[in-house]
Amino acid sequence: MFIMPRNRAFSEPEYSAEYSVDCSVTLPSDPGQAVGRTHEVTVRSSGCCLCLPRFMRLTFAPESLENLYQTYFRRQRHETLLVLVVFAALFDSYVIVMCAMVYTSDKLASVLVASVGLAADVVLYLLCRYGLLPDRVSRRVVPYALWVLIAAQIFCYLGLNYARFHQASDTVGWQAFFSFSFFLTLPLRLTPIVLITAVSCGVHTLVLGVTIAQQQQEDIQGAALSKQLLANMVIYVCAITVGVMSYYMADRKHRKAFLEARQSLEVKLNLEEQSQQQERLLLSILPKHIADEMLQDMKKEPSQKEMQQFNTMYMYRHENVR
């Protein structure tokens with residue numbers, strides 16, 4: 001049995017996914033045998049996602065294959081991370097335009113903060129778009145840094161633009177929008193995305209509730225405020241639920257593409273091995289120059305073979321042979 005080296009592919013995740021897949025395929029030496037399968041889909045029975053349904057806890061066995069798939073998945077979603085950066089830049093542009101349309105002296109701080117955020121988004125987009133950051137930094141630091149940047153922009157907009165009078169609906173729409181966008185764009189596993197989204201929504205609700213309570217100390221309406229904050233939490237839960245489902249659908253699609261790529265590589269390498277076996281067989285029974293000519297004729301295109309009126313006879317006359 002011919003086995004491509006696996007240890008190197010799984011122990012060095014910094015290699016590209018295509019290289020890793022190519023170096024982790026098991027092939028049979030006997031063409032009559034079935035193509036060796038190294039992948040198996042199972043249900044994750046440990047970790048932080050046990051609360052999810054079984055169909056949303058799919059994983060590959062062994063664990064090395066799952067790690068390889070996660071590397072492939074992160075690389076596939078690298079472009080979508082740029083979409084999230086564009087969303088953040090559009091949010092800052094919206095803040096600048098809205099403040100400029102009804103500009104007053106108290107809007108200057110909001111414009112300055114939004115301008116700094118927009119500049120940071122542009123710089124981050126250029127760094128990610130042209131690959132100017134190290135691969136480890138791009139995979140492990142940039143997603144969380146972008147999350148912190150977006151959260152800071154939302155809280156600054158909440159604190160500066162609604163400083164005089166806060167309502168329970170302030171920036172709730174933007175928070176729900178970015179919460180859903182995290183599931184579509186961040187190149188992370190499901191558990192970290194759920195955690196950072198829950199933290200963002202929880203802190204946003206807490207800050208908004210405390211701020212409104214402080215501003216309405218004299219005539220605070222606790223029951224109404226609680227209902228409004230509860231409605232915000234329902235919106236966040238709905239956004240997270242839809243985001244989890246969208247993440248699951250994208251993950252399912254990428255897993256199917258990943259398996260199809262592996263199967264196609266298995267078939268390709270299997271055909272190459274069979275071709276090498278045929279060449280070795282011909283060389284074992286025929287002289288090299290005749291075997292080479294026969295192999296060249298066998299590799300001709302079907303249209304070239306149809307142009308031949310007769311089958312090729314590989315017969316040669318040898319003189320003065322001793």
Side-chain angles (χ1 to χ4, degrees), residues 17 39-61 63 65-88 90-91 138-155 169 171-208 229-260:
H39 54 263
E40 180 183 359
V41 180
T42 60
V43 178
R44 187 181 292 109
S45 58
S46 62
C48 302
C49 296
L50 294 179
C51 58
L52 298 177
R54 287 176 59 87
F55 68 91
M56 299 183 65
R57 291 186 280 120
L58 298 179
T59 183
F60 289 132
E63 185 179 358
L65 183 59
E66 177 65 21
N67 294 334
L68 177 63
Y69 165 73
Q70 292 299 332
T71 302
Y72 165 81
F73 182 71
R74 287 193 298 267
R75 292 182 181 276
Q76 291 296 317
R77 299 196 82 178
H78 177 72
E79 295 296 332
T80 61
L81 183 65
L82 299 179
V83 176
L84 184 59
V85 179
V86 173
F87 286 164
L90 291 177
F91 171 71
S138 178
R139 288 188 291 109
R140 300 181 180 181
V141 178
V142 171
Y144 296 102
L146 183 58
W147 165 63
V148 172
L149 180 61
I150 291 175
Q153 292 171 357
I154 292 177
F155 283 114
S169 61
T171 66
V172 172
W174 286 109
Q175 181 64 42
F177 169 75
F178 280 110
S179 298
F180 175 71
S181 300
F182 290 156
F183 290 93
L184 300 180
T185 56
L186 287 180
L188 300 173
R189 297 197 179 192
L190 182 59
T191 302
I193 297 179
V194 172
L195 289 177
I196 64 176
T197 305
V199 169
S200 299
C201 296
V203 173
H204 184 273
T205 303
L206 179 62
V207 170
L208 196 58
L229 295 179
L230 181 61
N232 294 346
M233 294 300 298
V234 171
I235 294 176
Y236 296 151
V237 170
C238 292
I240 294 175
T241 302
V242 176
V244 169
M245 295 301 299
S246 301
Y247 184 95
Y248 163 73
M249 295 174 63
D251 180 73
R252 188 181 181 89
K253 180 184 69 174
H254 284 293
R255 287 183 185 274
K256 182 179 179 181
F258 178 75
L259 290 181
E260 290 177 352

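The closest side-chain heavy-atom distance from Gln175 to Cys201 is below 4.5 Å. A heavy-atom distance below 4.5 Å is not found between the side chains of Phe91 and Phe177. Phe60 is not listed as a side-chain neighbour of Leu68, based on a closest heavy-atom distance of 4.5 Å or more. With contacts defined as side-chain heavy-atom distances shorter than 4.5 Å, the pair Met233/Leu229 does not qualify.
If you take OG1 on Thr241 and OH on Tyr236, they are separated by 14.5 Å, rounding to the nearest 0.5 Å. Rounded to the nearest 0.5 angstrom, Arg189 CZ and Glu66 CD are separated by 5.5 Å. Interatomic distance, CZ of Arg74 versus NE2 of His254, reported as 13.0 Å (0.5 Å rounding). Between the CZ atom of Phe182 and the CZ atom of Phe87 there is a distance of 11.5 Å, given to the nearest 0.5 Å. Expressed to the nearest 0.5 Å, how far CD1 of Ile240 lies from CD1 of Ile235 amounts to 12.0 Å. Residue Arg139 holds its CZ atom at 11.5 Å from NE2 of His78, rounded to the nearest 0.5 Å.
Ring-plane geometry between Phe258 and Tyr72 is classed as tilted, the angle between the planes lying from 30 to 60 degrees on a 0 to 90 degree scale.
Judged by distance alone, with hydrogens and angles left aside, the side-chain atoms of Arg77 form a donor-acceptor pair with the main-chain N or O of Leu184 at under 3.5 Å.
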Side chains of residues 143-151: which donor-acceptor pairs under 3.5 Å do they make with residues two or more places apart or in other chains?
{"from": "Trp147", "atom 1": "NE1", "to": "Ser200", "atom 2": "OG", "distance (Å)": "2.6"}

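Nearest heavy-atom pair across Ile193 and Leu186 is CD1-O, 3.9 Å. Scanning all heavy atoms of the two residues, the minimum distance from Phe180 to Ser246 falls at CE1-OG, 3.7 Å. Closest approach of Thr185 and Thr80 over heavy atoms only: O-OG1, 3.0 Å.
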Going through the distances and angles, do Phe155 and Thr171 end up as a side chain to side chain contact (heavy atoms under 4.5 Å, CB included)? CA-CA 9 Å; Phe155 283 114; Thr171 66; over 6 Å; no

What verdict does the ring pair (Phe, Tyr, Trp, His ring centres under 6.0 Å) test give for Phe73 and Tyr247, after you've listed the backbone C-alpha separation in whole Å, the side-chain angles of each residue and the deciding distance to 0.1 Å? CA-CA 12 Å; Phe73 182 71; Tyr247 184 95; 5.7 Å; yes

Could you check Asp251 against Leu190 for side chain to side chain contact (heavy atoms under 4.5 Å, CB included), going step by step and ending with a plain yes or no? CA-CA 10 Å; Asp251 180 73; Leu190 182 59; over 6 Å; no

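Checking each of Ser179, Ser181, Pro192 against Thr197 for a side-chain contact (heavy atoms from CB on, under 4.5 Å) leaves exactly one that passes, namely Ser179.
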